[in-house]
Number of protein chains: 2
Amino acid sequence: MKTRDRILQVALALFNEEGEAPQSAVDIANALDMSPGNLYYHFKGKDAIIRALFDDFEHEMRIILRGSRGKITSIEDNWIYNYIILEEIYDFRFFYRNLGELLARYPDLAVRFRALLAEKRQTITSLLKGLDQRGVLFLGPRMGDVITDQILSALTFWLNLDVIEGSKVTPSTLIHKTVFQIMALVAPHMGKDGFAIMQSMIAYYDSKIGA
Amino acid sequence: MKTRDRILQVALALFNEEGEAPQSAVDIANALDMSPGNLYYHFKGKDAIIRALFDDFEHEMRIILRGSRGKITSIEDNWIYNYIILEEIYDFRFFYRNLGELLARYPDLAVRFRALLAEKRQTITSLLKGLDQRGVLFLGPRMGDVITDQILSALTFWLNLDVIEGSKVTPSTLIHKTVFQIMALVAPHMGKDGFAIMQSMIAYYDSKIGA
DNA sequence: GTCTATAAATGGATAGAC
DNA sequence: GTCTATCCATTTATAGAC
């Protein structure tokens with residue numbers, strides 16, 4: 001394996017497990033059993049590593065977002081789609097733990113992250129509109145935007161609330177819980193079927209987390 | 001005004017406006033036209049200042065939470081109550097911008113912050129239960145917990161999404177928008193009145209932000 | 001209480017040998 | 001490509017004069 005890739009791999013693991021902020025370039029070099037000088041030969045510093053990691057994340061997230069266009073019609077599709085997005089975020093979770101501070105430190109990444117968010121918003125909006133038009137959903141005026149905001153917020157901060165509350169659930173359970181939360185944002189707008197759908201989602205969720 | 005209080009006041013303003021992470025003890029001293037040595041005479045360092053600021057925040061937030069017990073019965077009461085909480089958070093917004101990283105750096109504050117969150121959760125849960133029992137709300141099994149999570153999340157991360165999306169609304173508009181979002185989480189569960197209530201909330205919200 | 005001066009520690013970064 | 005050695009800048013923290 002190329003040294004460059006090894007650095008990215010180990011740095012990502014280190015950031016995800018210990019947090020990005022406390023790690024210095026020397027810490028990363030140590031984790032790789034490598035001299036700081038050598039690390040600087042491959043990357044100009046921690047900044048360059050973070051930018052390279054964001055490149056990877058951005059690329060993969062775009063594939064996921066683009067790949068879903070027009071293919072999601074059922075509730076089950078929605079569940080799976082959310083699951084895939086959350087798993088991708090989990091792989092680069094160090095980024096979301098610190099989001100505000102990180103984007104303040106790297107304005108260039110902030111621009112790109114916002115573009116990604118805008119694409120997500122777009123995807124969610126058109127998805128909801130499709131469900132509304134097919135009569136699966138009943139959205140009053142403005143409610144489309146309101147729910148989009150709520151879903152976007154859930155997708156962005158699900159990891160934070162968990163950390164802050166100090167919960168100790170497994171990653172898999174947390175992802176399932178989050179998907180459930182997102183579905184629960186939509187279910188109340190499903191008219192008289194909403195209650196039944198909510199019930200079956202609860203059953204599905206319980207089976208996933210083994211409750 | 002006592003020097004100690006001046007330090008806290010200026011440090012809070014500095015953290016809120018420029019972010020907490022980039023400010024060193026020397027920066028704070030400069031903002032006060034004071035020598036670092038003098039700052040260290042009053043506080044052992046930035047850590048001690050942050051702890052003192054958290055003391056203030058915790059104290060005021062507890063007063064707000066305690067003061068509301070059993071007094072909130074109408075939708076209008078809810079609107080006002082949320083507004084007061086959001087304003088208090090806004091006064092100490094530096095804390096919420098960085099929440100994850102900050103709590104990781106100060107485990108003692110993490111414990112206290114979690115206790116505060118638990119008290120908030122408690123308040124929201126009993127509030128929803130009250131509305132459910134009086135027939136204002138219709139919550140299926142589990143839905144109480146789900147909505148509580150959603151509200152708690154909105155109250156905790158409203159400032160972050162705004163910063164991340166780079167929006168440029170006034171603080172007042174942002175607070176109104178957030179209250180609206182929280183009410184919109186509850187409205188769909190108000191049975192057949194939900195639609196009308198939602199409509200009147202939208203009108204009220206529009207009047208507040210002058211749209 | 002407040003200042004100046006300075007020590008001690010840390011993190012970022014590069015030069016030059018191998 | 002990789003290492004050692006080193007430098008520079010920043011930050012924390014304290015001692016001692018006023």
Side-chain angles (χ1 to χ4, degrees), chain A residues 1-55 94-95 97-98 100-110, chain B residues 1-55 94-95 97-98 100-110:
Chain A
M1 191 185 224
K2 284 251 187 296
T3 304
R4 196 194 133 90
D5 293 332
R6 259 186 67 230
I7 292 173
L8 289 178
Q9 193 193 25
V10 171
L12 177 60
L14 195 62
F15 291 162
N16 279 342
E17 276 151 43
E18 312 284 337
E20 175 269 336
Q23 308 303 324
S24 69
V26 177
D27 291 329
I28 299 169
N30 285 342
L32 285 150
D33 278 315
M34 173 188 287
S35 69
N38 192 13
L39 185 73
Y40 271 87
Y41 171 80
H42 290 281
F43 290 96
K44 272 178 99 62
K46 200 171 97 163
D47 294 13
I49 294 177
I50 286 174
R51 287 203 170 79
L53 287 173
F54 186 81
D55 288 343
F94 84 90
F95 205 77
R97 292 260 161 81
N98 235 14
E101 214 240 318
L102 244 160
L103 297 189
R105 236 161 58 219
Y106 304 98
D108 55 322
L109 294 192
Chain B
M1 190 185 225
K2 283 254 185 298
T3 303
R4 196 194 133 90
D5 294 332
R6 260 185 66 231
I7 292 173
L8 290 179
Q9 192 193 25
V10 170
L12 176 60
L14 195 63
F15 291 162
N16 278 341
E17 277 151 41
E18 313 283 337
E20 175 270 337
Q23 310 303 324
S24 69
V26 177
D27 292 328
I28 299 170
N30 286 341
L32 284 151
D33 280 315
M34 173 187 286
S35 70
N38 192 12
L39 185 72
Y40 270 88
Y41 170 81
H42 291 280
F43 289 96
K44 275 178 98 63
K46 202 171 95 162
D47 294 14
I49 294 176
I50 286 173
R51 288 204 170 79
L53 287 173
F54 186 80
D55 287 344
F94 84 90
F95 206 77
R97 292 260 161 80
N98 237 15
E101 214 240 317
L102 245 160
L103 296 189
R105 236 160 59 220
Y106 305 98
D108 54 323
L109 295 192

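Hydrogens, waters and symmetry mates are skipped; everything else that's a heavy atom, side chains included, is used. Quick note on labels: first sequence line is chain A, next is B, and so on, each numbered from 1.
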[N] [atom2] sits how many Å from [X] [atom1], rounded?
{"X": "B:His42", "N": "C:dC3", "atom1": "NE2", "atom2": "C1'", "answer": "12 Å"}
{"X": "A:Asn30", "N": "C:dG12", "atom1": "CG", "atom2": "P", "answer": "12 Å"}
{"X": "B:Met1", "N": "C:dG1", "atom1": "CE", "atom2": "P", "answer": "15 Å"}
{"X": "A:Leu39", "N": "C:dG11", "atom1": "CG", "atom2": "P", "answer": "14 Å"}
{"X": "A:Phe43", "N": "C:dG12", "atom1": "CZ", "atom2": "P", "answer": "16 Å"}

CE of A:Met1 to CD1 of A:Ile7: how many Å apart, nearest 0.5 Å?
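The distance works out to 11.0 Å.
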
Non-hydrogen atoms of A:Ala21 and A:Lys46 that approach each other most closely
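Heavy atoms only, the tightest pair is O-NZ, 3.7 Å.
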
Ignoring hydrogens, what is the shortest heavy-atom contact between B:Pro22 and B:Asp27? Give both atom names and the distance.
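Distance-wise, the nearest heavy atoms are O-OD2, 3.5 Å.
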
Run the side-chain contact (heavy atoms from CB on, under 4.5 Å) test on B:Leu12 and B:Leu8 for me, step by step, so that the C-alpha distance in whole Å, both residues' side-chain angles and the decisive distance to 0.1 Å come before the verdict.
CA-CA 6 Å; B:Leu12 176 60; B:Leu8 290 179; over 6 Å; no

Expected output is a numbered-order residue list: members of residues 10-18 of chain A with a heavy atom under 4.0 Å from any atom of DNA chain D. What is it?
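The answer is none.
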
For residues 37-44 of chain B, please give each side-chain donor-acceptor pair under 3.5 Å, one per line with the distance, not counting sequence neighbours.
none

When every nucleotide of nucleotides 4-18 of chain D is labelled 5' to 3' by its protein contacts under 4.0 Å (heavy atoms), B for base, S for sugar-phosphate only, - for none, what sequence of letters results?
B------SBBB----

So B:Phe94 and B:Leu53, side-chain contact (heavy atoms from CB on, under 4.5 Å) or not? Walk me through it.
CA-CA 11 Å; B:Phe94 84 90; B:Leu53 287 173; 4.1 Å; yes

Test item: B:Phe15 and B:Ile28 side chains (from C-beta on) under 4.5 Å apart, heavy atoms:
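Yes, side chains in contact.
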
Apply side-chain contact (heavy atoms from CB on, under 4.5 Å) to B:Gln23 and B:Glu18, showing your working.
CA-CA 8 Å; B:Gln23 310 303 324; B:Glu18 313 283 337; 3.0 Å; yes

